[in-house]
Amino acid sequence: MEHCILQVALDTPLDLTFDYRWRQTAAEPLPQVGQLAIVPFGRREAAGVIVGIAGHSEVPEAKLKDVLAVRSQLPPLSPQWLALCGFAADYYQRPLGEVALPGLPKNLRILKTVALDRALKKLAKSVTEHDASPVNTPQLNAEQQQAVSAIAEAKGFAPLLLYGVTGSGKTEVYLQAAAGILAAADAAGELAQILILVPEINLTPQLESNIRTRFPGLDVVSLHSGLAEGERTLNWLAAHLGRARIILGTRLAILASLPHLKLIVIDEEHDPSYKQQEGLRYSARDLAVWRAHQLAIPVVLGSATPSLETWQHAQAKRYRKLELRERAVKDAVLPQVRMIDMERDKPADGLTSTLVAALKLRLERGEQSLLFLNRRGYAPVLSCDSCGWISNCTRCTSFMVLHKPDRRLRCHHCSLELYIPKSCPTCGNIDLQPLGRGTQRVEEGLQSLFPQARILRIDADSTRLKGSAQTAFDSVHRGDVDILIGTQMVAKGHDFKRLTLVGVMNPDTALFSHDYRASERLFAQLMQVAGRAGRAGQKEGGSVSQVMIQSRYPNHPLYSAVVGHDYDGFATSLLEERQQAALPPFIYQALLRAEARELDTALAFLQDAVACIEHHGITMHDPIPMTMTRVANVERAQLLVECSSRPGLQAFLKDWMQILRQTKTRAKWSLEVDPVDI
Ligand code: ADP
Ligand code: ZN
Ligand code: ZN
């Protein structure tokens with residue numbers, strides 16, 4: 001019997017690997033780098049990835065513990081996969097184990113193998129249907145065809161921006177490019193896997209079923225956080241074993257093990273949900289580009305409103321731009337966008353008379369309308385006119401939102417819930433007033449305005465039950481809804497065929513946000529929601545599809561760009577502004593956050609963090625309380641650091657983190673590289 005030492009990366013806050021003793025028996029195969037090991041860690045068992053195998057350890061013999069099990073029934077994770085995790089760990093300044101392990105299905109990480117064995121058996125037994133009937137694929141237009149060829153014929157690392165207006169048929173390009181790459185691999189006797197990332201899978205069930213019908217002979221799996229544990233294990237294994245050929249996932253899928261990856265697609269690449277906002281705060285889009293580079297494969301970034309980072313790369317010819325200028329469906333044209341001046345046409349119940357008339361016309365013609373308001377609840381604040389009381393959250397720097405249907409006040413930040421008070425808690429006044437307007441209140445207003453209309457609200461509240469979002473969207477597609485009201489949930493991706501009017505209720509607040517990215521986001525959001533209108537060809541006698549944006553600043557340049565469908569011009573002027581103000585993508589940033597019971601504790605930690613290191617070539621801003629300073633009784637502060645070079649920033653962060661990890665503080669702190677919410 002021989003011993004060896006397995007060096008194991010564990011999901012711990014320490015950036016270390018841990019040595020364990022492996023006792024080789026005749027019955028078991030030799031462990032390999034990239035395999036998972038279950039080891040004792042403190043008083044519990046933990047899973048780790050074997051990153052090295054050695055003859056002996058620095059740890060004294062008496063202190064060495066034995067490995068409990070190695071997952072030898074699975075092929076090891078590839079060196080490329082380990083390198084991807086290593087890169088992410090390095091770049092985002094986190095331990096390797098924290099990158100590599102949390103994404104693995106839980107059934108792989110526990111000592112008991114019952115669930116894993118069952119999953120492997122099930123996979124081995126399942127057969128893919130190969131005899132499904134062939135599907136008609138639509139005839140591509142010239143621009144789509146060019147894009148497909150460019151992707152399928154790309155050699156080596158090829159970052160491609162698929163810049164196509166809403167409804168231009170980007171999905172069709174992804175699918176046919178994928179088909180081309182799969183066929184070429186088949187012909188060469190190789191395996192190919194295609195990874196398609198989408199912002200939110202629950203909002204794109206259409207895509208999943210389209211892919212399945214388009215590739216009836218192939219295993220298609222999805223990877224996202226909504227999957228039950230058993231299914232997640234099966235899907236992850238299918239990807240890891242090379243069985244799954246098309247993997248449709250959300251941002252977490254970028255860290256999946258995909259040994260035969262030949263193409264990555266990122267749909268709606270500008271979408272903020274590609275950025276993880278806690279723990280390892282990675283950008284799935286940026287990791288996708290790195291992964292494509294590592295594997296020397298094409299990566300397609302699709303959007304009608306690319307992120308400024310991506311646009312800048314395309315302008316500098318680092319990314320190749322593939323353009324789709326027209327809508328794909330015959331006779332479908334981009335909607336006419338029009339501003340409605342709320343100073344002149346004063347709204348009643350939030351709706352201007354122009355918008356009401358347009359809704360009425362759609363109802364008469366039997367066409368659908370969509371009202372977009374990115375604020376859920378009935379009203380953002382409840383207030384007392386007589387003493388000035390307002391519904392502040394007692395635990396956060398925010399208001400409790402009025403939710404009328406379930407008679408609650410609810411804080412959207414800490415989830416605190418209260419019954420709506422019958423009278424003012426301060427002065428006893430019984431006439432409390434809702435201030436402002438959320439989707440529930442708009443729904444109520446519409447019901448009294450159009451009692452005959454079939455009105456449906458879709459937001460996080462109306463779709464809390466599993467499957468209810470799907471049911472709601474199905475009824476819109478079936479034509480069972482006349483007026484749809486919704487938050488950003490309805491703005492993205494959906495191909496609503498009967499929709500000819502989009503009304504945007506009041507987007508002005510984002511114009512004056514302190515966050516410099518707010519206008520980029522607002523523009524993308526308006527273009528997206530506008531893009532839901534007029535997707536089917538125009539019918540004889542039907543209305544021209546229209547988008548109406550209610551605003552107090554109808555002449556604002558951002559709105560003029562939306563009216564002109566002018567992403568190009570808007571992006572150019574934003575990039576100029578960013579360059580002049582030395583903001584990303586012309587500068588590189590990291591954000592150190594600290595939180596504590598007392599604001600002073602958090603600020604003191606950040607002040608020490610500034611003082612603890614020389615920082616030539618690095619700009620350190622003053623530590624400041626975050627805009628929303630208190631959440632759930634925790635006070636939060638932040639410190640922004642900037643550098644004109646990415647490697648310069650990276651080198652600095654490395655040294656800085658080493659010092660900070662030794663610093664004693666009662667504050668909880670974290671670092672975010674390339675932050676998006678400042
Ligand atoms: P995008 O993602 O660019 O907004 P979609 O991929 O949703 O657009 O496509 C919009 C519509 O156009 C879909 O209904 C799709 O089936 C249709 N479509 C795509 N390509 C073609 C084509 N070449 N001919 C006809 N219809 C097409
Ligand atoms: Zn009062
Ligand atoms: Zn709260």
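Numbering of ligands and ligand atoms starts at 1, following listing order.
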Check your understanding: Charged N to carboxylate O under 4.0 angstrom, D482 versus R362?
Key -> no

Check your understanding: Atoms of ligand 1 less than 4.0 Å from V165 heavy atoms?
Key -> 3 (O)

Review point. Got a protein heavy atom sitting under 4.0 Å from atom 15 (C) of ligand 1?
Key: no

Exercise for review: Please work out which of the three classes, parallel, tilted or perpendicular, describes the rings of W311 and Y163, given edges at 30° and 60°.
Suggested key: perpendicular

Check your understanding: Which atoms of ligand 1 sit under 4.0 Å from any heavy atom of K497?
Key -> 14 (O)

Review point. Would you call R517 and E309 a salt bridge, using N to O less than 4.0 angstrom?
Key: yes

**Study point:** Electrostatic pair R593-E672, nearest N-O below 4.0 angstrom
**Key:** yes

Check your understanding: Under 30°, 30 to 60°, or over 60°: which ring-plane class applies to F523 and F570, parallel, tilted or perpendicular?
Key -> parallel

**Study point:** Residues E635 and R597 bridged, charged N to O under 4.0 Å
**Key:** no

Exercise for review: In plain terms, say whether R521 and D515 are close enough for a salt bridge, that is, a side-chain N and a carboxylate O under 4.0 Å apart.
Suggested key: yes

**Study point:** Presence of N, O or S from C411 under 2.8 Å of the Zn ion (ligand 3)
**Key:** yes

**Study point:** Residue, atom name and distance, where the atom is the protein heavy atom closest to atom 20 (N) of ligand 1
**Key:** Q144 NE2, 3.0 Å

Exercise for review: For T171, counting its heavy atoms only, list the atoms of ligand 1 lying under 4.0 Å from any of them.
Suggested key: 2 (O), 5 (P), 6 (O)

Practice item. Ignoring hydrogens, just give me the one of V329, L140, N141 whose non-hydrogen atom is nearest atom 17 (C) of ligand 1. Key: V329

Review point. Can you tell me which residue and heavy atom of the protein come closest to atom 18 (N) of ligand 1, and the distance to 0.1 Å?
Key: A328 CB, 3.6 Å

Study note, to complete from the structure: If you compare R327, K330, K170 by their heavy atoms, the one closest to atom 3 (O) of ligand 1 turns out to be K170

Practice item. To the nearest 10 degrees, calculate the angle at the Zn ion (ligand 2) involving SG of C384 and SG of C387. Key: 110°

Review point. Is there any N or O on G169 that sits under 3.5 Å from an N or O of ligand 1?
Key: yes

Exercise for review: Could you list the atoms of ligand 1 found under 4.0 angstrom from a heavy atom of T166?
Suggested key: 4 (O)

Exercise for review: List every atom of ligand 1 that sits less than 4.0 Å from any heavy atom of Q139, numbering the atoms from 1 in the order shown and giving each element.
Suggested key: 22 (C), 23 (N), 24 (N)

Point to revise | Basic-acidic side-chain contact under 4.0 Å: E268, R285 | key: no

Check your understanding: Is the charged tip of R408 near the ring of Y419: under 6.0 Å from the six-membered ring centre and within 45° of its axis?
Key -> yes

Point to revise | Those atoms of ligand 1 less than 4.0 Å from some heavy atom in D495 | key: 11 (C), 13 (C), 14 (O)

Check your understanding: Applying a strict 4.0 Å limit to heavy atoms, is V173 in contact with ligand 1?
Key -> no

Check your understanding: Can S168 be said to touch ligand 1, with heavy atoms closer than 4.0 Å?
Key -> yes

**Study point:** Short N/O/S contact of H412 with the Zn ion (ligand 3) (below 2.8 Å)
**Key:** no

Practice item. Answer yes or no: is there an ion pair linking E595 with R636, defined by an N-O contact shorter than 4.0 Å? Key: no

Review point. Do the side chain of R441 and the main chain of K404 share a donor and acceptor less than 3.5 angstrom apart?
Key: no

Check your understanding: So what does the C396 SG - the Zn ion (ligand 3) - C393 SG angle come to, to 10°?
Key -> 110°

Point to revise | Atoms in ligand 1 with a heavy atom of G167 nearer than 4.0 Å | key: 1 (P), 3 (O), 4 (O), 8 (O), 10 (C)

